[in-house]
Amino acid sequence: MRSLNDREPIQPGDDAPDFAFAYGGATHRLFDFRGSPVVLAFHGAEWDPARAEHIETYNKLIASLGGVAGARLLQIGGAGPWRDLSFTDAALSLPVLAADSAVARQYGVGSEPAVFVIDAGGVVRWSQVGPMSLVSPTDVARAISVVAAPFVHEPTASTGEPNEAPSAGWTRRDFVATALAAAFALALRPVEAHAERAARLAAPASTVRPVTLTVNGRQLSLSLEPRVTLLDALREYAGLTGSKKGCDHGQCGACTVHIDGRRELSCLTFAVMQEGRRITTIEGLASGEQLHPMQQAFITNDGFQCGYCTSGQVMSAVAVLDEPWGPTDDDVREAMSGNICRCGAYPGIVAAVQEVRRAQATNGGGNRQ
Amino acid sequence: MIDFEYIRATDLASAVGAGAAASTRFVAGGTNLIDLMKLDVERPSHVIDINDLARRDPSLAAISELPDGGIRVGGLARMRDVAWDARVRERYPVVSQSLLLAASGQLRNMATIGGNVLQRTRCPYFRDTAMPCNKREPGSGCSAIHGINRTEAVLGTSERCIATYPGDLAVALVALGATVHVHSPNGQERALPIANLHVVPGAHPEVETVLRPGELITAIDLPALAAARRSLYLKVRDRASYAFALASAAVAVELDGRNIRDARVGLGGIATKPWRSREAERLLVGKQATEQTFRAAADAALAAARPQRDNAFKVTLAKRTLIRALTEVTA
């Protein structure tokens with residue numbers, strides 16, 4: 001929702017924002033280059049990477065990778081008639097990605113040149129925003145060694161010393177990087193010393209944290225990244241596979257569980273958000289061998305065929321009877337419309353819900369276990 | 001989905017302060033944000049969970065009476081609670097109906113009012129990171145204008161974006177003239193008419209609202225409005241339930257016999273923002289409630305429509321939707 005104007009420069013550790021660009025008659029995206037490191041350079045219109053002083057920057061970068069025989073930037077990747085980018089070849093051409101500053105704004109780059117080294121996973125691992133001549137080859141080398149590490153070996157614990165970085169992992173690999181030149185409409189400032197612009201290097205951070213969930217009356221202690229949905233936590237970490245993953249986008253209802261007594265979609269909430277709330281899954285509905293009346297009604301009324309959507313249907317149906325819907329079949333259909341059944345067992349599902357509703361009305365009690 | 005830092009906010013001031021940082025998103029219901037994060041359309045580095053704010057300040061999730069007869073709905077109130085609230089159903093049927101005709105029972109239990117009005121477009125190209133989209137990646141181009149554009153907008157479009165605003169509630173709210181209360185990172189509160197909350201895409205489809213980084217919707221006020229009691233939300237879609245609108249109409253009418261004393265018209269499913277048609281309202285007020293009147297209003301409401309290759313049907317559909325809504329609400 002937010003404007004992309006005026007954002008801070010993308011930092012090491014940030015995901016490189018994706019963008020589309022046209023080149024060689026085709027449209028490409030930065031994401032297309034996942035799997036290879038990418039060097040993304042923002043520069044002024046007059047900046048020509050073929051010019052000696054710019055080549056020098058990159059040659060220093062290459063040279064600092066000790067023992068890399070023949071290492072060079074092999075290509076400006078992707079499809080299309082892009083040329084190999086060799087730093088001994090002065091006649092290279094780089095694609096111009098955008099004639100306006102949209103991409104630069106995405107990266108938080110204003111009026112200064114900038115270089116971002118992006119790893120194969122799309123994470124910025126090194127950046128320099130400011131005069132190009134201040135790019136320290138050892139800093140770049142350090143960054144690139146980290147970038148390459150996932151393909152070669154786990155880096156040893158870093159002492160932060162730049163000299164340790166050009167690791168043995170490079171010696172048997174060509175240095176393949178994809179260089180893209182972007183957004184030329186930047187006004188370059190005079191070169192000045194900016195010691196404080198020392199390159200920053202982000203280590204991959206682990207966000208795994210302990211998460212305690214209350215599921216079917218039991219406390220489950222899990223170690224989860226925040227991005228783990230409640231559905232995945234239940235299925236993949238807690239072994240509760242009764243809740244199903246259908247679409248994983250909140251469109252099918254197969255993952256329906258009860259949270260504090262209400263039906264919700266476990267695929268569209270993060271497990272970490274559900275600490276302290278009471279979660280009930282299909283596994284928690286029956287009392288021992290005694291099925292919940294809704295489970296029994298689905299069997300009695302032939303409310304399923306393949307069964308994949310059924311746990312979500314049952315969880316939804318149980319909760320529907322606690323919502324202020326009307327009593328007709330159409331009311332049930334509307335109330336249950338968030339649960340899709342590919343087998344088309346809807347008549348049986350409606351019948352099951354109505355049977356339990358009528359039984360409740362007769363007994364005057366709730367349907368909860 | 002990329003990983004992110006999860007922060008559980010405990011008070012409003014720290015939430016909006018943290019929320020002002022780049023690449024940060026608030027999460028409450030999560031039904032829109034998490035969906036988009038799975039698609040890589042949203043890639044926040046920090047996600048701030050604001051659900052606990054309502055524990056500290058229950059008014060953030062409450063539905064309460066205003067002195068002038070209006071109703072205040074907390075930003076963290078769930079769609080379900082507002083939809084079934086007896087006062088809302090009696091005094092603002094269009095609001096209750098717009099909520100109950102939206103999403104599914106599960107989603108309505110999760111999604112908040114503040115998040116609902118900010119939901120992002122369902123334009124298939126916006127949701128597909130393999131395709132250019134000016135809204136998602138400014139300057140990359142619009143895939144919809146020359147693509148499959150059956151569901152796209154016919155009102156409020158630009159040459160950069162024709163993505164439809166997908167929501168229902170906000171269409172009812174613009175018709176009623178609701179007020180949005182916003183808490184800003186500088187600690188200030190501000191209030192704005194909901195008609196001013198969303199902006200048309202113009203040259204900057206990536207900007208969808210006037211909210212600034214970190215700003216949070218804390219409440220929405222339904223105004224005291226005589227016409228609201230005779231109001232209705234009519235939604236036309238590809239299936240009978242659980243689908244986004246192809247066209248919808250939020251109408252509120254105050255009648256004096258068969259004479260229309262006041263009329264409000266909102267249109268959904270056809271515009272780039274929740275659309276209030278003052279042109280239609282002008283042609284209704286002071287007129288007799290007849291089909292001829294409604295037809296003239298509908299023609300005026302869609303006069304500025306700019307259909308694309310696949311969505312010209314929406315012009316006719318929207319007119320008929322509005323005529324039928326007006327017919328039913330004045331019956």
Side-chain angles (χ1 to χ4, degrees), chain A residues 1-5 7-8 10 13-15 17-22 27 29 31-32 98 100-103 105-106 108 122-123 205-207 209 225-227 229 248-251 253 256 259 262-265 267-270 272-273 275 316 319-320 323-324 333-340, chain B residues 1-6 8 21-25 27 29-35 37-40 43 45 47 49 51-52 78 80 84 100 103-110 118 120 129-134 136-141 204 206-209 211-214 239-243:
Chain A
M1 281 295 161
R2 166 177 312 160
S3 163
L4 291 170
N5 292 310
R7 76 186 293 169
E8 291 289 306
I10 295 294
D14 290 345
D15 280 75
D18 191 25
F19 56 86
F21 58 97
T27 298
R29 305 194 63 85
F31 281 8
D32 298 337
D100 64 21
S101 58
V103 177
R105 278 193 287 116
Q106 271 185 273
V123 176
S206 168
T207 56
R209 59 159 72 194
E225 290 179 341
R227 62 179 159 178
T229 62
D248 207 25
H249 283 275
Q251 299 176 10
T256 303
I259 300 178
R262 292 181 166 203
R263 52 177 175 153
E264 298 193 9
L265 298 176
C267 79
L268 284 187
T269 189
F270 296 122
V272 67
M273 295 168 64
E275 286 193 304
S316 197
V320 159
E323 295 175 8
R333 292 189 189 98
E334 176 61 36
M336 293 290 291
S337 70
N339 292 83
I340 309 296
Chain B
M1 187 191 309
I2 63 161
D3 205 10
F4 54 86
E5 289 285 337
Y6 171 81
R8 194 181 271 224
S23 191
T24 298
R25 289 289 183 271
V27 67
T31 54
N32 194 202
L33 178 69
I34 295 173
D35 178 35
M37 288 172 71
K38 290 181 178 190
L39 295 171
D40 255 349
R43 298 167 58 81
S45 62
V47 172
D49 183 347
N51 285 295
D52 279 0
R78 307 289 150 167
R80 176 241 184 103
W84 294 115
L100 287 174
S104 68
Q106 292 96 315
L107 291 165
R108 291 191 295 268
N109 282 339
M110 304 170 77
L118 296 178
R120 314 285 309 266
T129 57
M131 301 298 290
C133 169
N134 285 325
R136 179 165 30 75
E137 301 294 344
S140 63
H204 289 283
E206 75 278 12
V207 180
E208 295 176 351
T209 73
L211 295 185
R212 296 184 284 258
R239 58 186 185 195
S241 179
Y242 197 18

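It should be emphasised that the depicted structure is a prediction, and the values quoted were computed from it without experimental measurement. Naming: A, B, ... by sequence-line order, numbering from 1 per chain.
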Residues B/R43 and B/S23: closest non-hydrogen pair is O-OG, 3.6 Å

Task: Backbone of B/M1 reached by a side-chain donor or acceptor of A/R227 within 3.5 Å - done: yes

Checked B/G29, B/S45, B/A130 vs chain A; the most non-hydrogen pairs under 4.5 Å come from B/A130

When the 4.5 angstrom heavy-atom criterion is applied to A/R333 and chain B, the contacting part is neither

So, the part of B/M37 with a heavy atom under 4.5 Å from chain A: the answer is side chain

Interface check, chain B: of A/A335, A/G250, A/P324, most non-hydrogen pairs under 4.5 Å belong to A/P324

May I ask you to decide if B/R8's main-chain N or O and B/D52's side chain share a donor-acceptor pair within less than 3.5 Å? no

To the nearest 0.5 Å, atom CG of A/L268 lies from atom CE of B/M110 at 5.5 Å

Donor-acceptor contact below 3.5 Å, side chain B/R136 vs main chain A/D18:
no

Given B/S241, B/S104, B/A243, the one with more heavy-atom pairs under 4.5 angstrom with chain A than any other is B/S241

Okay, B/D49 and chain A: the region with an atom under 4.5 Å from a heavy atom over there is side chain

Heaviest contributor of heavy-atom pairs below 4.5 Å to chain B, chosen from A/V272, A/I259, A/T256, A/I340, is A/V272

Honestly, the part of B/N51 sitting under 4.5 Å from a heavy atom of chain A is side chain

Item to check | A/R262 with A/E264: basic N within carboxylate O range, under 4.0 Å | outcome: no

